[in-house]
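Convention: sequence-line order gives letters A, B, ...; per-chain numbering from 1. A quick note: this is a predicted structure, and the numbers were derived from the prediction, not measured. Every heavy atom of this structure was used, including side-chain atoms; hydrogens, water molecules and symmetry mates were not.
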Protein chains: 2
Amino acid sequence: MTAPDPVRILVCDDHIVVRAGLLALLDSAPGIEVVGEAGTGEEALALAAKLTPDVVLMDLQLGEGIDGVETTRRLTAAPGTTPHVLVLTTYDTDADITRAIEAGATGYLLKAERPEELFAAIHAAAQGRTALSGPVASRVMANMRSPRPSLTDRERDILAQLARGLGNREIARALFISEATVKTHLRRIYDKLGVDTRAGAVAVAKEQRLLP
Amino acid sequence: MTAPDPVRILVCDDHIVVRAGLLALLDSAPGIEVVGEAGTGEEALALAAKLTPDVVLMDLQLGEGIDGVETTRRLTAAPGTTPHVLVLTTYDTDADITRAIEAGATGYLLKAERPEELFAAIHAAAQGRTALSGPVASRVMANMRSPRPSLTDRERDILAQLARGLGNREIARALFISEATVKTHLRRIYDKLGVDTRAGAVAVAKEQRLLP
DNA sequence: GGGCGGGTCAGCCGATCGGATGACCCGCCC
DNA sequence: GGGCGGGTCATCCGATCGGCTGACCCGCCC
């Protein structure tokens, strides 16, 4: 019998140890071939264009340069045949998951995942099928049941200044708006995040990775 | 010529991918033998007692159970022959480094480190010599030049309540102290963190991983 | 052409915060 | 036995915040 073509993988992670781990794990997996590895988003884009992998295993946190989300966006938005991006990262934060999916990721796995799950997810991703880690899937479902209101761009602007410890007047000046407007935005931010103080808002924002 | 005894390693990391990566990397390294792997701090303690490794490669972030710092503390505080703990983690935050060293870690490496550095650090650790990643060493030096005042236990208590968005009166009640005392602590926290608002304090605290 | 989400602005007011200053107690170490 | 760090408490006051209510504009979509 003829073996089917293996799934061709490009690995993108800034940690050498993790890349080595993936290479070691995937080498032993049937029907999977690692064709390249990248340590930055820029490298991944260049290699993907040259190697045309079926699937890109992508970490969201990439030390320097563009991050995993942006890399994913560019990979999936490129003209011609685009790879399926399977996000493999450490955190199962709502904001991260949402941003990755919006950027065009086909799946979202956690690094703590068992190897068999990883292999299955890769094969699923190769066919364009969605694959989510257990905890991630749960979180997505929970979000659909009680949708977390997402902050608007402007609200994130306010939040960013807030996290710098600025007062309302200072935030107003920094963003060229009136203090009244700042307070209005803050009110809505409090509502959305379920808090009622600035300190609480910053805590939740950092927790949910809503800030750079 | 007789080969020297290899350095016996115990790997502790909650991410299977990372453990696989370390195993793969270390397998190819001369004079290093991985004798066991653990996914939690509890496992690491049990295995270390049984296997008496020369060096424990320890991640600081360990999903469930006790964290890497506490595991390190118990490993190095145990009676009898204790392994040298070499921390291998993702972040080079001041607080993490300090806590790890205080807990008895022999070295502190980043996962992005090159394999040769890793090997060298392991051999150094086996002999009880300190090994630090470049960025970590720089940070330690910088801290010695301009020492970052560390928060006291009580100040961390206050900070934790602050991050919950509590007001001074609520913090006072939560900790069974007077509001005046809360304000005194806050004042010192602001001074130490270099901020002058509660929102700023929470932001810095989260940034520096001073809070759980 | 009306509804709606997002952004902007206003005034009012009580509650809270942040700044400054000074004080007491306790455990520890030289 | 004195100094010192850490924790506790107090008073005073101006500045700021948070809650409330209401409003206008614009772009978009049905």
> Grab the CG-P distance between B:Leu162 and C:dT16 for me, whole Å please.
16 Å

> Distance check: side-chain N/O of A:Asn168 vs OP1/OP2 of D:dT16, anything under 4.0 Å?
no

> Please report, rounded to the nearest Å, how far the C1' atom of C:dG18 is from the CD1 atom of B:Ile158.
15 Å

> From CG of B:Asp191 over to C1' of D:dG6, roughly how many Å is that when rounded to an integer?
15 Å

> Do the charged groups of A:Asp13 and A:Lys111 touch, with an N to O distance under 4.0 Å?
yes

> Counting Watson-Crick and G-U wobble pairs only, both distances under 3.5 Å, name the nucleotide matched with D:dC28, or none.
C:dG3

> On DNA chain D, check which nucleotide each of A:Arg188 and A:Gly167 is closest to and give me the residue with the more 5' one.
A:Gly167

> So which nucleotide from D:dC17, C:dG18, D:dG18 ends up closest to the side chain of A:Leu186?
D:dG18

> Using both distances under 3.5 Å as the test, list the Watson-Crick or G-U wobble partner of D:dT21, or none.
C:dA10

> Quick check on side-chain contact (heavy atoms from CB on, under 4.5 Å): which of B:Leu88, B:Thr90, B:Thr89 does B:Leu60 satisfy it with?
B:Thr89

> Could you please name the option among C:dT8, C:dT16, D:dG18 that lies closest to any side-chain atom of A:Thr197?
D:dG18

> For the pair made of CD1 in B:Ile171 and C1' in D:dG7, what is the distance, rounded to whole Å?
16 Å

> Taking the side chain of B:Tyr190 as its heavy atoms from C-beta onward, which of D:dT11, C:dT8, C:dG18 lies nearest to it?
C:dG18

> How many whole angstroms separate atom CG of B:Asp196 from atom P of D:dG14?
20 Å

> Distance check needed: D:dT8 C1' versus B:Glu179 CD, whole Å only.
14 Å

> Are A:Arg188 and A:Asp191 ion-paired here, with the side-chain N under 4.0 Å from a carboxylate O?
no

> Establish, from distance only, whether the side-chain atoms of B:Arg173 and B:Asn168 form a donor-acceptor pair under 3.5 Å.
no

> So, does B:Arg169 get its side chain near the phosphate of C:dT16, meaning an N or O under 4.0 Å from OP1 or OP2?
yes

> Return no unless some side-chain N or O of A:Thr181 is found under 4.0 Å from OP1 or OP2 of C:dC9.
yes

> Compare side-chain N and O positions of A:Arg154 against OP1 and OP2 of C:dT8 and report whether any pair is under 4.0 Å apart.
yes

> Out of D:dC17, C:dC9, D:dT11, which nucleotide sits closest to the side chain of A:Arg198?
D:dC17

> Closer than 4.0 Å, any side-chain N/O of A:His185 to the OP1 or OP2 of C:dG7?
no

> Do the side-chain N or O atoms of A:Ser178 get closer than 4.0 angstrom to the phosphate oxygens (OP1, OP2) of C:dT8?
no

> Could you give the CD-to-P distance, from A:Glu170 to D:dA15, as a whole number of Å?
15 Å

> May I ask you to decide whether A:Arg114 forms a salt bridge with A:Glu117, counting only side-chain N to carboxylate O separations under 4.0 Å?
yes

> Kindly say if A:Thr152 contacts the phosphate of C:dG7, meaning a side-chain N or O under 4.0 Å from OP1 or OP2.
yes

> Using side-chain heavy atoms (C-beta onward) and a distance below 4.5 Å, is B:Leu57 in contact with B:Leu10?
no

> Could you give the NZ-to-C1' distance, from A:Lys183 to D:dT16, as a whole number of Å?
8 Å

